[in-house]
Q: 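Got a structure for you, questions after.
Hydrogens, waters and symmetry mates are skipped; everything else that's a heavy atom, side chains included, is used.
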Amino acid sequence: MSESLTPQPSAPETVPEANSYVPPKWRTEPRFPDGPAPDPAGSHHERRIRSFQPRRSRVTTGQGEALKRLWGTWGLDIDGRSVIDLDEMFGGLPVVLEIGFGMGEATAQMAAADPSTGILAADVHTPGQGNLLALAERGGMTNVRVANGDAIILLREMLPPDSLAGLRVYFPDPWPKARHHKRRLIQPEFLDLAATRLAPGAVLHCATDWEPYAEQMLEVLTAHPRFENTQADGGYAPRPEFRPLTRFEGQGLDKGHVVHDLLFARREHASPNE
């Protein structure tokens, strides 16, 4: 018997839910299955202005091999799910958090020069993560760990109070347009959080070659009750010997930029004037 020629009802058309979110492939498809996750904390669910812009650029063969080989030992994803035991991770060394390390050359130099300090280096740039891991392995620097993801989530969810011996923010994105100033990392809210994770006396060290941002940094740090300028005159600090002159910094100096360092110590208690 032949099939009926009576038209059959078609399947209902699937309509996406209103306001449904379909993450882009770079957020969901890992480039290195055993390496850093594309979006470890599911950060698209968190409604917060971000101070960073994820960059997708080519990973070299050496960087990719370092990610595959070393991530399981020296890398961690900032997923916000658990508190890190820094003593276990760094064998009891005092730990400095570095936010935004670029390609990692300066971080590797500081780690090599001071093996008695652990450096937890956080960034979202995959080639830089691979490069820093490769540099650390080549130099035998076991005092470096690479964190992938949003440093705010790392500070807020994954680090215990008073656990950091220092915090370094070198050449953060200046977001020069006025409408983007709200994206700058060094803001009062960030300092509120940082103060809870730094041990008393620990130093927040910032550096920038963008003059207006340097002025804002100095203003908000000076006004914050939990931080005190290490400079007696209340101004900028000379570049400490432990902070290497980076390639990026050299390019800025060649263009006539002036680099400002700011070193502020966390007070044990809030300023009595507040």
Side-chain angles (χ1 to χ4, degrees), residues 51-52 84 86-87 90 92-101 106-107 110-111 113-114 116-122 147 151-175 181-246 249 257-274:
S51 62
F52 62 89
I84 299 170
L86 292 177
D87 284 339
F90 287 93
L93 297 177
V95 178
V96 171
L97 172 63
E98 182 178 1
I99 297 178
F101 56 81
T107 306
M110 290 186 289
D114 184 12
S116 63
T117 297
I119 300 179
L120 179 57
I152 298 296
I153 295 175
L154 175 63
L155 280 166
R156 190 184 64 209
E157 308 291 348
M158 301 181 70
L159 293 179
D162 300 346
S163 60
L164 294 174
L167 176 57
R168 297 167 180 169
V169 184
Y170 298 156
F171 304 98
D173 194 327
W175 295 101
H181 286 182
K182 60 190 176 183
R183 296 183 178 274
R184 289 176 172 174
L185 180 63
I186 306 302
Q187 306 273 8
E189 296 79 8
F190 172 77
L191 298 180
D192 291 342
L193 175 59
T196 67
R197 299 303 184 252
L198 287 166
V203 172
L204 168 58
H205 181 191
C206 303
T208 182
D209 66 337
W210 192 261
E211 185 80 22
Y213 197 8
E215 293 171 355
Q216 177 191 329
M217 288 180 178
L218 184 60
E219 179 181 350
V220 298
L221 279 162
T222 300
H224 200 280
R226 298 303 298 274
F227 288 95
E228 181 177 15
N229 198 334
T230 62
Q231 301 304 298
D233 63 0
Y236 302 111
R239 179 174 67 88
E241 291 185 2
F242 68 80
R243 183 176 73 75
L245 184 68
T246 66
E249 183 176 358
H257 297 184
V258 177
V259 176
H260 291 294
D261 284 78
L262 302 94
L263 286 87
F264 278 71
R266 204 218 91 175
R267 300 177 190 267
E268 186 167 1
H269 303 289
S271 169
N273 296 325
E274 296 297 327

Q: Output all residues satisfying salt bridge (charged side-chain N to carboxylate O under 4.0 Å, His left out) with Asp261, sequence neighbours left out; order by chain, then residue number.
A: Arg243

Q: Give a yes or no on whether the backbone of Leu262 and the side-chain of Gln231 come within a donor-acceptor separation of less than 3.5 Å.
A: no

Q: Is there a side-chain contact between Arg267 and Pro200 in this structure, where contact means two heavy atoms from C-beta onward sitting under 4.5 Å apart?
A: no

Q: Could I get the full list of salt bridge (charged side-chain N to carboxylate O under 4.0 Å, His left out) partners for Asp162, not counting sequence neighbours?
A: Arg266

Q: So if I apply the side-chain contact (heavy atoms from CB on, under 4.5 Å) rule between Leu164 and each of Val96, Leu159, Leu120, which one comes out positive?
A: Leu159

Q: Can you tell me how far the OG1 atom of Thr117 sits from the CZ atom of Phe242, to the nearest 0.5 Å?
A: 9.5 Å

Q: Could you go through the side chain to side chain contact (heavy atoms under 4.5 Å, CB included) check for Val259 and Tyr236 one step at a time?
A: CA-CA 10 Å; Val259 176; Tyr236 302 111; over 6 Å; no

Q: Minimum heavy-atom separation for Phe227 to Leu204, with atom names?
A: CE2-CB, 4.0 Å

Q: Can you see which heavy atom on Ala165 is nearest to which on Ala202, and at what distance?
A: O-CB, 3.5 Å

Q: Mind listing the closest non-hydrogen atom pair of Arg239 and Pro244 along with its distance?
A: NH1-C, 3.9 Å

Q: For side chain to side chain contact (heavy atoms under 4.5 Å, CB included), just list the numbers for Thr196 and Arg156, CA-CA rounded to whole Å, side-chain angles, deciding distance to a tenth of an Å, and then say yes or no.
A: CA-CA 9 Å; Thr196 67; Arg156 190 184 64 209; over 6 Å; no

Q: Could you tell me whether the side chains of His205 and Tyr170 share a donor-acceptor contact shorter than 3.5 Å?
A: yes

Q: Measuring from atom NE2 of His224 to atom CG of Asp192, what distance do you get when rounded to the nearest 0.5 angstrom?
A: 4.0 Å

Q: Checking side-chain polar atoms at under 3.5 Å, does His260 have a donor or acceptor matched by the opposite partner on Glu211?
A: yes

Q: Evaluate Ile186 against Thr208 for side chain to side chain contact (heavy atoms under 4.5 Å, CB included), listing each step before the verdict.
A: CA-CA 11 Å; Ile186 306 302; Thr208 182; over 6 Å; no

Q: In chain order, what residues pass the side-chain hydrogen bond (donor to acceptor under 3.5 Å, both in side chains) check against Glu219, with sequence neighbours excluded?
A: none

Q: Please test Ile119 against Arg168 for side chain to side chain contact (heavy atoms under 4.5 Å, CB included), starting from the C-alpha separation and ending with a verdict.
A: CA-CA 10 Å; Ile119 300 179; Arg168 297 167 180 169; 3.8 Å; yes

